[in-house]
Amino acid sequence: MDLRKRVGELMPRARDELADLVAMRSVADPRQFPPEECRRAATWVADAFAEAGFDTHLADTPDGSQAVLGSRPCGREDAPTVLLYAHYDVQPPLADDQWRTPPFRLTEVDGRWYGRGAADCKGNILMHLTALRALGDDVPVDLKLVVEGSEEQGTGGLEAFVPKHAELLRADAILVGDTGNVAVGHPAVTVSLRGMVNVVVRVDALPSELHSGMFGGPAPDALAALVTVLATLRDDDGATTVHGLPGDGRWPGAPYPAAQFRADAGLSPGAVLLGSGEVGDTLWARPAVTVLGIDCPPVVGSTAALVPRARARLNLRIPPGVDPYHAACALSEHLMAAAPWGVDVSVEVEALGEPFRAATGGPAHQAMGEAMQTAYGRPASRLGQGGSIPLCTVFAETYPDAEILLIGVEEPQARIHAPNESVAPQEIADMALAEALFLRGYGALRKERTEG
């Protein structure tokens, strides 16, 4: 069977089905979109994998989301088991006027497919499906499936579900389809992920608004106090400085050239990059804090009054080796200690995620390297990723003997989590081919290494 040709023949179907999935506004937050949208997406995924030979069902998880579970045995006694992972929920689209195309309509522009979730992570669902369809019945490994429905919200539904249902998902190799390559046409396996801490910091300064002319000056202003607190989280170079967290980590893998980072981020060639050290250090080996949002009066409609209270939502990314619980305590203590002028500062921890570092010496990593070499015609790199997938740590703790491989279609041009998210269709095709080659070759390589 010519797998490359077969994948090419399947791409029109992949495009149509990705359009169907992108049209489902599956943001796992009922405050923003109806829960029915997530249920529709879950049902679609379950039906699609059932058609691909899986016995599928929906499982409720502790945060109220539904995960799609499935299994497909190959009938060989000595076959290893491979678990396929993805998620069907997506980030909110943000402001529609920042999109060049409608966010929930898959639209082709300059050879890329645009839409929320086109890459993260619905494109990876189609990667899995296209690989399986290309192989047909020729899959010499047992397969399991989990596609979760609340990964983007960080509410931990599947993380809580897995340890309590360990046998359902136990596998020898786990393909986490939620990362991507160095660039289009340059394959990679992600081996390091930052963890994360999400908090909301609140400043209370006054019982109510006060006229800025009558009281401004002596009376404290909650918004100014919040800005002062947030300013302590960066040094003069822009590096994150949270008391109690190390800020001098070094990335041990292949470097990320500054010029390439600027291009990937859409920055000008001369743009100043924050922090000291190499890009790989600040991106993958050190803490980084981001202010995600602030609650305060908007410019339009604001009045000449002191702001009595204000809030900010923060996201702290932490490298492998830093405990998220320790990081949450350090961040909370830092914020409260920075309170100026006697204002009251409180911190609510919303979510925690463990960092992750993969072991890379096993047969699954070797088989994937060989598959990517064949699919792309060049060797695969090993990457760090600044994003967080807390489930990877849960997988590693629950299945300590399993090899975990993070792969996918989310290269830098995809602009995941931002307006104008897109996917390169060739990445879906090439990664589907790599996955198909892996599934066809992993069992034999594992047996050879075990017996050897």
Side-chain angles (χ1 to χ4, degrees), residues 2-24 26 41 44-45 48-49 51-52 84 86-88 90-91 93 99-135 147 175-190 263-264 266 368 371-378 380-381 406-439:
D2 185 337
L3 285 177
R4 191 182 300 274
K5 179 181 178 182
R6 180 60 181 144
V7 166
E9 293 169 346
L10 289 165
M11 285 304 295
R13 180 178 182 182
R15 197 271 180 210
D16 291 345
E17 292 185 338
L18 185 57
D20 291 342
L21 265 182
V22 166
M24 300 176 195
S26 50
W44 188 99
V45 171
F49 280 92
E51 185 182 353
L84 307 180
H87 63 85
Y88 62 79
V90 298
Q91 285 282 333
W99 284 75
R100 63 190 301 186
T101 63
F104 292 109
R105 182 190 305 160
L106 194 70
T107 307
E108 183 169 346
V109 179
D110 297 331
R112 295 183 68 92
W113 297 343
Y114 284 78
R116 176 55 91 219
D120 181 20
C121 183
K122 293 173 178 178
N124 289 314
I125 293 173
L126 268 298
M127 173 189 74
H128 288 320
L129 285 168
T130 303
L132 294 167
R133 289 165 178 163
L135 288 168
V147 182
L175 298 190
V176 177
D178 194 17
T179 60
N181 292 331
V182 177
V184 173
H186 294 257
V189 176
T190 297
D264 290 343
M368 183 57 75
M372 286 182 164
Q373 172 75 54
T374 300
Y376 282 86
R378 66 175 71 214
S381 301
L406 291 93
I407 61 172
V409 301
E410 303 166 21
E411 42 73 39
Q413 292 183 54
R415 299 287 191 268
I416 65 172
H417 291 204
N420 301 309
E421 177 181 351
S422 67
V423 68
Q426 192 58 46
E427 284 292 279
I428 295 179
D430 288 344
M431 284 303 303
L433 175 59
E435 182 173 321
L437 291 167
F438 168 84
L439 293 175

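Count residues from 1 along the sequence.
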Expected output: side-chain [X] to main-chain [Y] donor-acceptor under 3.5 Å:
X	Y	result
Arg105	Gly115	no
Thr179	Leu406	yes
Arg15	Pro425	no
Trp99	Pro93	yes
Gln426	Gly185	no
Ser422	Trp113	no
Asn181	Ala188	yes
Asn124	Val409	yes
Arg116	Gln91	yes
Gln413	Asp264	no

Min side-chain heavy-atom separation [X]-[Y] under 4.5 Å:
X	Y	answer
Leu439	Glu435	yes
Arg100	Asn420	yes
Leu126	Val423	no
Leu21	Met24	yes
Asp120	Asp178	yes

If you measure from [atom1] on [X] to [atom2] on [Y], what distance do you get to the nearest 0.5 Å?
X	Y	atom1	atom2	answer
Leu437	Gln373	CG	CD	11.5 Å
Phe438	Leu175	CZ	CG	5.0 Å
Glu421	Lys122	CD	NZ	9.5 Å
Ile125	Thr130	CD1	OG1	11.5 Å

_From CA spacing to verdict: side-chain contact (heavy atoms from CB on, under 4.5 Å), Val184, Arg112_ = CA-CA 11 Å; Val184 173; Arg112 295 183 68 92; 3.9 Å; yes
Any idea which heavy atoms bring [X] and [Y] closest together, and the distance?
X	Y	result
His128	Phe49	CB-CZ, 4.0 Å
Pro102	Thr107	CD-OG1, 4.3 Å
Arg415	Gly266	NH2-N, 3.6 Å
Pro12	Gly8	CD-O, 3.7 Å
Val7	Ala134	CG2-CB, 3.8 Å
Ala432	Ala131	O-CB, 3.3 Å

*Of Leu10, Leu18, Leu129, which is the lone residue that meets side-chain contact (heavy atoms from CB on, under 4.5 Å) with Ile428?*
Leu18
*Can Met372 and Met431 be said to form a side-chain contact (heavy atoms from CB on, under 4.5 Å), step by step?*
CA-CA 8 Å; Met372 286 182 164; Met431 284 303 303; 3.7 Å; yes
